[in-house]
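Note that the structure is predicted; figures quoted are calculated from it, not measured. In what follows, chains are A, B, ... by sequence order, proteins preceding strands, each numbered from 1. As a basis for the values below, the full set of heavy atoms in this structure was taken, side chains included, without hydrogen atoms, waters or symmetry mates.
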There are 2 protein chains.
Amino acid sequence: MHSRPGTAPTIETIARHAGVSTASVSRVLRGLGGRPDTVARVRAAATELGYVPNAMARSLRGGQSRQVTFAMPDIGNPVYIAMVRRIQQVVRAAGYRLLLHSTGADPAEELAALRALADRHSDGLILCPIRVTPAHLEELARSAAPVVVIGSVPEEVPVDSVRADSVTGAELAVRHLVAAGRRRIGLLNGPADTVPGAARHRGYERGLEVCGLPHDPALTSFGRFDAVSGEAAARDLLARVPGVDALFCANDLIAVGALRALRGTGRDVPADVAVVGVDNTDLAEACWPPLTSVDLGSQERGRLAAELLIARLDASGRPPVSRLAVQPRLVVRGSCGSTAGTTATHKEMS
Amino acid sequence: MHSRPGTAPTIETIARHAGVSTASVSRVLRGLGGRPDTVARVRAAATELGYVPNAMARSLRGGQSRQVTFAMPDIGNPVYIAMVRRIQQVVRAAGYRLLLHSTGADPAEELAALRALADRHSDGLILCPIRVTPAHLEELARSAAPVVVIGSVPEEVPVDSVRADSVTGAELAVRHLVAAGRRRIGLLNGPADTVPGAARHRGYERGLEVCGLPHDPALTSFGRFDAVSGEAAARDLLARVPGVDALFCANDLIAVGALRALRGTGRDVPADVAVVGVDNTDLAEACWPPLTSVDLGSQERGRLAAELLIARLDASGRPPVSRLAVQPRLVVRGSCGSTAGTTATHKEMS
DNA sequence: TTGAAAGCGGTACCAT
DNA sequence: ATGGTACCGCTTTCAA
């Protein structure tokens, strides 16, 4: 079984074994100079005893934990997993460990993640909030360690951020649907009072406007950002407005739910109703028909956010605040457009 | 911006502020006695200064980090996300933080996760290995902290474990397919030299045998446990053996790939070919037709593993080694059986 | 009840 | 190049 506490070798064990001081052990083990034979003796003792430095002791002394946290709304949403992957790559390459925190889209949990920085268990935080309340801004301002926000924050708040352009992304989707001949385009959104919810709503309206289509509030519905909610919302909308010929869904999970509802009511996709999602997750290729989806650059956002955080952690001088934005692009697949019923056709437009 | 290092209040700051010793501050803050006015003064000072205990110092002193790690093969596989969710619940309730580690099904990374326990950043590990090599057993034996394995380990190794019964699960699937009238049942497996791969292969063979069907090696193919591999394998198999009337896929990702391949070759599911997956992930309900899948109790395994680990961490006496097993059950949906083309029908059998 | 002080396991400065 | 030692922030004896 595992060794009892107090059994593990420390630098002092090594020091005694090698007949040198703890200071020398520390130096040798950290690769700083030393006479060849000293180095050899220390190395030998360390290897023989299976010495591993205590991370907590090192952290306490060094003032940093070499851990960073990523707090996201929902670990069940593939889009965040895509971010995790890229963030992981970057932070590990920089010698940090990644802590994951699924907040359940609960502002209180997001605030808790921010406040938790004060206990120094994490050197920095990548926060992907779904809402940004005044309380968020206040905590961001007094945060105990560097934070990078994936999402939109007001200009006044001096915090690194990487945002997607959801508005343009939604507009892109609507224009594509209109170009494909759709006229009664429904919106299945997440909560109205979230940042992505509001932005996608705005982009939807803007898209209709640009195309000269009327904006019928009856075509818009709000729910949660998941498949169950999406299915229910789609069912409702279809019952209320049977003539809908397209559904713009605020993310891929909602879209998957919508596809289910459409099937349940005997509609063909895309012949009767076209569907477009957002996030371009793996789900878009797993469902049927393959889902046309707005790619908001989640991988890119993850990578950039991680790079910003690392830069701020490692930099000696304080780098200026960065506000990055990633451009959306539409990835066309079978769930809309005219090429119905075939395998996935990739066509990308900016 | 965030405060400069060395700025954060410590117990000593509080002590000076309240006019007491650091010992008293520690006591009061930990809820151990104190004269009422002392308590009040300390509390007031702590609140005023926004004191938060340094987690690293506490860990060093206390000999534990209050963090546990879950190392899984692939964070992109929904089945592990389901485990994460339950593990998270349990460990957080017990006051631990959860660290996630995606090993990429690389034995070297799994071993690294085991060895990393020696640096004491984590108090324990839940390991979900895809292979169990002699090196694994050796590291398990000398692990620096408690480990719970999700998977099968040899009897001799005294380590807590929770395993699924993949063999029975696979057999269940095959018998179901046979009962539905299928006779040429293909197997799309993951790597042959992995524990789940081997077990599912065995169960597949056993199922055929029990049903009195011949075992045709041409119907078996090995690949990776992901959708891309599943699609390629299915395409291959269908070309090689056009008469296949069912595909048993070693997990849901492979099954999703298979569905894609079937569509690509113009076959109808389940009319022409029935498909069964394993893991009963969210994916099974997201794809079309909804996927019949063997539920190996991933949520249950996650919960149990976390509970075993916490028990071992918190227990004063060393609890005896537990070897738990979770029973599989088949969740029938549209991708096989006779109720094709309708919405998901749940029917559970043990 | 309270304070002084000894660590926990490293790191880094300062002499030597 | 090396050893002695103060210190990171907190917990926990041990005396007073």
Side-chain angles (χ1 to χ4, degrees), chain A residues 3-43 45-46 49-66 117-123 144-145, chain B residues 3-43 45-46 49-66 117-123 144-145:
Chain A
S3 47
R4 294 178 313 287
T7 295
T10 70
I11 46 168
E12 192 179 341
T13 324
I14 310 285
R16 271 203 307 275
H17 231 75
V20 297
S21 71
T22 59
S24 292
V25 174
S26 179
R27 268 184 237 111
V28 169
L29 262 26
R30 310 200 50 248
L32 316 170
R35 218 185 325 166
D37 70 303
T38 307
V39 172
R41 290 222 305 290
V42 170
R43 289 248 162 82
L49 298 173
Y51 170 77
V52 177
N54 181 313
M56 294 302 142
R58 208 208 283 274
S59 292
L60 175 57
R61 174 65 220 220
Q64 50 175 271
S65 62
R66 309 295 308 184
L117 286 172
D119 78 8
R120 319 256 62 152
H121 79 97
S122 207
D123 294 339
Chain B
S3 47
R4 292 178 313 288
T7 297
T10 71
I11 48 169
E12 189 176 347
T13 325
I14 310 284
R16 269 204 307 274
H17 230 76
V20 298
S21 72
T22 58
S24 292
V25 174
S26 178
R27 271 185 231 110
V28 169
L29 262 27
R30 311 205 48 248
L32 316 170
R35 218 184 327 166
D37 68 304
T38 307
V39 172
R41 290 220 307 289
V42 170
R43 289 248 163 82
L49 298 173
Y51 171 76
V52 177
N54 180 313
M56 293 303 142
R58 207 207 281 274
S59 292
L60 176 57
R61 175 62 222 228
Q64 50 174 270
S65 62
R66 308 297 306 184
L117 286 171
D119 78 9
R120 319 255 67 157
H121 82 265
S122 206
D123 294 340

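Among C/dT11, D/dT12, C/dG10, the nucleotide with an atom closest to any side-chain atom of B/Arg30 is D/dT12.
Across the protein-nucleic acid pair, B/His121 atom NE2 and C/dG10 atom C1' stand 18 Å apart, rounded to whole Å. Remark: P of D/dT11 and CG of B/Leu32 are 10 Å apart, rounded to the nearest angstrom. Counting to the nearest Å, the C1' atom of C/dG9 and the CZ atom of A/Arg16 are 13 Å from each other. With rounding to whole Å, A/Ile11 atom CD1 is found 16 Å from D/dT2 atom P. The CG-P distance, from B/Leu29 to D/dT11, rounds to 8 Å in whole Å. The nearest whole Å value for the distance from the CZ atom in B/Arg120 to the C1' atom in C/dG10 is 15 Å. To the nearest angstrom, P of D/dC10 lies 17 Å from CZ of B/Arg66. Protein atom CD1 of B/Ile14 is 12 Å distant from nucleotide atom P of D/dT11, rounded to whole Å.
For the pair A/Asp119 and B/Pro53, the minimum side-chain heavy-atom distance is 4.5 Å or more. For the pair B/Asn54 and B/Thr10, the minimum side-chain heavy-atom distance is 4.5 Å or more. Residues B/Val25 and B/Tyr51 form no side-chain contact, since every pair of their non-hydrogen atoms from C-beta on lies 4.5 Å or further apart.
Comparing the end axes of the helix from C/dT1-D/dA16 to C/dT16-D/dA1, each fitted to five base pairs by superposing C1' atoms of four pairs onto the next four, gives an inter-axis angle of 40° (nearest 10 degrees).
Under the side-chain contact (heavy atoms from CB on, under 4.5 Å) rule, B/Val20 has a single partner from B/Arg41, B/Arg27, B/Arg35, which is B/Arg41.
A distance-only check finds a donor-acceptor pair linking the side chain of B/Arg120 to the backbone of B/Ala144 [under 3.5 Å].
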- Note on the structure: A correct 5'-to-3' footprint of nucleotides 1-8 of chain C, with B, S and - meaning base, sugar-phosphate only and no protein heavy atom under 4.0 Å, is SBBB-BBB
